[in-house]
Amino acid sequence: MSLEDKYLITVGLEVHCELRTSTKLFCGCANVFGSPPNTNICPVCLGLPGALPVLNRRAVEYAIAIGLALNCDIRRSVFARKNYFYPDMPKDFQISQYDEPICVEGYLELPVAGKRVGIVRAHIEEDTGKTTHVGSSGRIQGADFSLVDYNRSGIPLVEIVSAPDMESAEEAREYVSELRSILVATGATDGKMEEGSMRVDANVSVRRKGTEELGTRCEIKNLNSLRSLGRAIQYEARRQMEIVEEGGRVRQQTRHWNEDQGVTSSLRSKEEANDYRYFPEPDLVPLEPSSEMVELVRAELPVLPPARRAALSDLAGGKPNRSELEQIGTCIGLDLDGFVSSAAEAGLPFKLALSRAANELAALVGAGEALSPEAFVGVLKAEDSGRLSATQAKAVMARLAETGGTVEEAITALGFVGLTDDEVGSLVDRVTAEHPNEWGRYMAGENQLAGFFIGAAMKASGGKVNGRVFSALLAGKRESARS
Amino acid sequence: MAIVDMTAREMASAVRNRELSATEVVEAHLSEISAHDREVAAFLLVLADEARHRARSIDEAIARGEEVGPLAGVPIAVKDNMTLRGVETTCASRILAGWRPPYTATVVQRVESAGAIVIGKTNLDEFAMGSSTENSGFFPTRNPIDLSRVPGGSSGGSAAAVAARFTPLALGSDTGGSIRQPASLCGVVGAKPTYGLVSRYGLIAFASSLDQIGPFARSVEDAAALLSVIASKDPMDSTSLGVGFDAAGIGEGVQGMRIGVVEEMLDGVSSGVASVLDSAIAALEAAGAAVERVSVPAARYGLSAYYLIAPAEASSNLARFDGVRYGLRVEGEDITETYLRTRERGFGAEVKRRIMLGTYALSAGYYDALYGKAQQVRTLIARDFAAAYEHFDALISPTSPTVAFRFGERSDPLSMYMSDVCTIPSNLAGHPGMSVPFGPAENGMPAGVQVLAPALREGVMFRVAMALEAAALEAAVPEWAKAAGSGGAA
Amino acid sequence: MSSDQISRDETLHIAHLARLAITDEEADLYSRQLSAVLAHARDIGALDIAGVEPTMHAVSMRNVMREDVVADSLDREEVLASAPSSEAGMFLVPRIVGEE
Ligand SMILES: [Mg+2]
Ligand SMILES: [Zn+2]
């Protein structure tokens with residue numbers, strides 16, 4: 001019995017996402033990525049003596065949108081100061097929401113895992129600056145000195161804290177990817193993990209199966225891709241299982257994920273006793289979103305992924321299986337569900353539309369190319385009717401994405417113009433005549449020989465023959481020969 | 001009359017009517033400063049060149065017939081905890097020595113656009129923590145009335161500068177009495193407005209929920225004129241109330257007004273100060289007000305609440321002085337050692353003591369019992385004031401229990417903290433309060449009467465203050481000013 | 001309310017939280033002085049005011065917000081001119097050891 005079979009894993013996630021405002025949370029400096037260091041700074045976000053924060057209305061609206069999308073209650077909230085010293089934090093405190101966050105008690109459905117993850121809270125806070133450690137080793141420990149850029153200081157964030165409801169790395173990944181697609185759909189964030197606009201901290205603990213009490217948890221900081229998230233949780237859970245298995249005790253720690261080595265390691269030399277001395281930020285007044293404000297934000301919300309998923313699942317007629325759920329997720333994440341429903345409305349088979357959208361179309365979109373829904377439907381019609389083989393249909397889609405034009409033009413340009421039925425009929429006559437032996441056996445009922453004749457016809461026509469049409473005519477020829 | 005004896009309003013109208021030039025006004029004050037500030041030490045920085053330059057441009061604007069502001073040509077001193085772009089701002093702390101802020105405080109912008117001329121930055125107790133200006137990181141300021149005594153604090157430099165005729169107007173900040181107490185001790189008018197009436201943007205915070213900027217002047221009308229310039233909505237300050245102050249009607253007298261004397265503020269008051277208050281009561285009654293004693297019971301807890309709340313907020317506000325972005329850095333092996341050394345070297349003893357106290361009050365395990373409870377006491381104080389204001393238009397008390405004390409006389413922090421016992425409750429409640437000179441009391445030293453009013457009732461407060469001023473016995477003036485006055489310069 | 005006397009260890013811990021280097025003698029002095037101030041605060045410790053709302057702000061305003069409109073930022077050179085140390089347009093700080 002492996003360790004993984006003996007233990008249960010519990011994961012809770014804290015996701016920080018940057019809001020897509022024009023300006024920072026408490027000042028008018030631009031919220032942009034990639035400016036030269038320290039060019040988007042002012043007395044407020046630099047924490048200069050005497051400067052005061054003023055709350056960005058748009059950031060509040062985005063936070064409310066996120067709360068609504070995650071089925072939270074929107075509450076009266078109060079900003080607090082979280083006090084600790086660190087050079088990336090210009091005031092040596094962070095303005096965040098502490099015991100009165102704006103969004104509480106929501107949930108998010110994991111469609112593939114088929115479970116609901118609780119959202120404990122979502123609160124507004126400011127980001128810190130960015131520290132670059134300079135020195136021979138390139139790591140924090142042992143760096144000679146550090147350079148600080150405060151462009152990011154004061155960028156608005158919403159921190160979303162889940163309940164410890166996930167039981168595997170896979171579920172944690174699904175949570176983040178579903179959360180990301182919901183947040184992107186609200187317009188509140190661009191969800192770019194690689195640019196740091198979404199950052200994940202994972203709280204991981206393990207316990208032996210059959211025990212109720214949760215184990216001591218460790219927090220893994222700043223996981224910036226789904227891949228790192230999954231690997232880090234797996235590594236960390238395994239590490240904890242081994243400690244417990246050997247009779248040891250897991251120490252509550254903040255740990256760092258090292259992507260290259262594939263390990264987590266303790267961030268701090270000593271066991272920390274954090275005392276953030278939270279107290280209400282006296283320079284900001286309480287935030288009590290009126291029901292008008294909340295309803296205005298609600299009215300602006302687009303149809304969100306869970307509802308879109310339900311709509312696609314309805315088209316499937318019957319409960320989608322796991323791989324279909326994943327394909328639906330991909331389509332929604334890339335905004336391709338409209339293609340699938342257009343195709344379904346045009347009478348095309350759902351599974352075909354879903355598969356082409358989640359695979360070929362998704363790949364094209366991922367590569368920065370585009371296709372109109374009409375073109376997508378057109379290609380699928382040609383494929384469904386048998387005019388194009390699957391391989392040909394994929395090639396036509398790629399060509400349309402690259403050069404545009406109509407489906408017919410693409411088919412012609414690629415030389416996929418098929419043979420007429422008469423021409424296919426002549427081919428049937430020709431190949432059966434050339435292979436009388438096989439024809440005889442086929443006539444006698446060896447159906448698998450149809451494949452042999454298709455191969456022969458392909459060769460004879462240079463690949464232009466449509467297999468389905470050929471098979472139909474071949475079968476027809478046998479029928480008439482028998483009757 | 002000597003220029004430096006004129007009120008700010010007189011100076012402004014003389015400049016506007018071209019009876020005096022702004023340049024003459026500025027030169028008169030600069031020469032007073034160079035003659036006497038060696039002894040008084042009110043200023044950390046005198047902006048002589050900048051003031052002369054500003055005076056010239058105001059004179060030119062007037063010569064061109066342009067509209068100038070209500071304070072055109074009037075010198076003003078600014079407590080050195082407010083920023084002025086490019087001009088060293090230190091809060092009288094070595095940790096900020098040499099810092100030139102890249103922006104200007106809203107109040108300073110407002111006085112400058114009203115035509116006032118910033119003549120210098122005044123001394124204070126380091127980061128406004130103190131009641132004597134002995135805790136400046138650079139040097140103490142002396143009381144111009146008696147150089148062996150303190151001017152009070154923390155805005156001691158501003159109060160002394162106005163009392164010494166170095167400037168007719170000054171800005172101070174008041175967190176627990178830091179405008180009113182030095183005004184009382186130096187014999188000038190000082191007002192702390194309603195919390196939120198004056199923008200704090202550019203005021204280097206001590207205790208954010210209590211700090212408020214206010215005016216110093218030698219007359220109640222001058223103080224009102226300055227307040228009407230600085231009171232306004234500021235979008236840069238989230239706690240800005242968005243209303244102004246109109247000085248019209250402050251001369252209407254107190255006939256028919258009901259004025260309460262706060263019982264809790266009479267404990268431990270010196271006999272001289274008590275008799276000053278008695279004559280003030282008599283004067284108000286003579287002017288037609290009904291004066292009675294009133295109890296504001298929770299005011300007794302003000303001092304305790306204040307010495308938890310103010311240090312708690314200060315411990316957080318002062319964390320940013322860490323040697324990373326500006327000010328002093330004492331380099332250590334690593335960042336933590338740099339923090340420790342910079343702050344140990346940069347802060348004075350009183351600042352460290354309050355940071356320690358505030359850190360303790362906020363730390364895990366004590367928050368509810370200390371900071372949280374102190375914030376509840378604020379509610380009680382506001383409630384008890386509200387009850388008193390159901391029966392009274394305004395309240396009065398001594399501003400400070402004693403006159404100015406001698407240097408070093410109060411070395412024990414707790415006894416120093418007691419100087420603010422009468423002024424603290426209005427900071428906790430967010431209400432306005434002001435001090436009007438009504439001395440002298442012991443040793444010929446001035447003593448002020450404190451006038452308190454409900455939130456945003458500055459108009460009523462100034463009316464009472466004007467009535468007191470009209471009845472005031474002789475205002476205290478420095479010896480040299482008396483001599484100059486009898487010399488009779490025009 | 002906490003006990004009146006603040007121990008030397010507690011004082012040293014508070015000093016570290018506040019990033020103030022203090023000597024042992026100072027620790028003793030601060031212990032005494034802080035204890036004295038806290039002893040004075042015993043009067044409010046004794047108040048039975050459970051249920052009284054705290055006053056966190058002297059103003060009763062709510063929902064003060066600004067529009068999301070870009071304003072000028074500062075000139076970097078002016079800001080860095082005040083910095084104790086800078087390099088490549090950034091603030092230079094001594095090495096950061098693993099501690100928050
Ligand atoms: Mg956070
Ligand atoms: Zn900014």
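Everything quoted here is computed from the prediction, not taken from an experiment.
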>> Quick check for you: among A:Thr131, A:Val60, A:Leu287, A:Thr39, which has the greatest number of heavy-atom pairs under 4.5 Å with chain C?
In response: A:Leu287
>> Under 4.5 Å from any heavy atom of chain A, what part of C:Ala58 do you find: side chain, backbone, both or neither?
In response: neither
>> Taking A:Glu281 first and then A:Lys91, would you say they form a salt bridge - that is, a charged N and a carboxylate O separated by under 4.0 Å?
In response: no
> At a heavy-atom separation under 4.5 Å, does A:Pro280 approach chain C through its side chain, its backbone, both, or neither?
Replying inline: side chain
>> Donor-acceptor check, side chain of A:Asp127 to backbone of A:His16, threshold 3.5 angstrom: yes or no?
In response: no
> Would A:Asp201 and A:Lys221 pass as an ion pair if we require N to O under 4.0 Å?
Replying inline: yes
>> Between C:Leu80, C:Asp72, C:Asn63, C:Val69, who has the most heavy-atom pairs with chain A when the cutoff is under 4.5 Å?
In response: C:Asn63
> When heavy-atom pairs shorter than 4.5 Å are enumerated against chain C, which of A:Ser290, A:Ala30, A:Pro43, A:Pro36 gives the highest number?
Replying inline: A:Pro43
>> If you count heavy-atom pairs within less than 4.5 Å of chain A, which of C:Arg66, C:Met56, C:Glu87 leads?
In response: C:Arg66
> Which bit of A:Pro286 comes within less than 4.5 Å of chain C, counting heavy atoms only: side chain, backbone, both or neither?
Replying inline: both
> Should the pair A:Tyr150 and C:Phe91 be assigned to parallel (<30°), tilted (30 to 60°) or perpendicular (>60°) ring geometry?
Replying inline: perpendicular
> Which region of A:Met293, side chain (C-beta onward) or backbone (N, CA, C, O), has a non-hydrogen atom less than 4.5 Å from a non-hydrogen atom of chain C, or is it both or neither?
Replying inline: side chain
> By a 4.5 Å heavy-atom criterion (distance strictly below it), what part of A:Cys27 contacts chain C: side chain, backbone, both, or neither?
Replying inline: backbone
> Are A:Arg75 and A:Glu100 within salt-bridge range, i.e. N to O under 4.0 Å?
Replying inline: no
> Do C:Arg8 and C:Asp24 sit within salt-bridge range, that is, some charged N less than 4.0 Å from a carboxylate O?
Replying inline: yes
>> Taking the cut-offs as 6.0 angstrom to the six-membered ring centre and 45 degrees off its axis, would you call A:Arg277 and A:Phe279 a cation-pi pair?
In response: no
> Side chain, backbone, both or neither: which part of C:Val70 has an atom under 4.5 Å from a heavy atom of chain A?
Replying inline: both
> Side chains of A:Asn151 and A:Ser35: is there a donor and an acceptor less than 3.5 Å apart?
Replying inline: no
>> Report which part of A:Leu284 has an atom under 4.5 Å of a heavy atom belonging to chain C: side chain, backbone, both, or neither.
In response: backbone
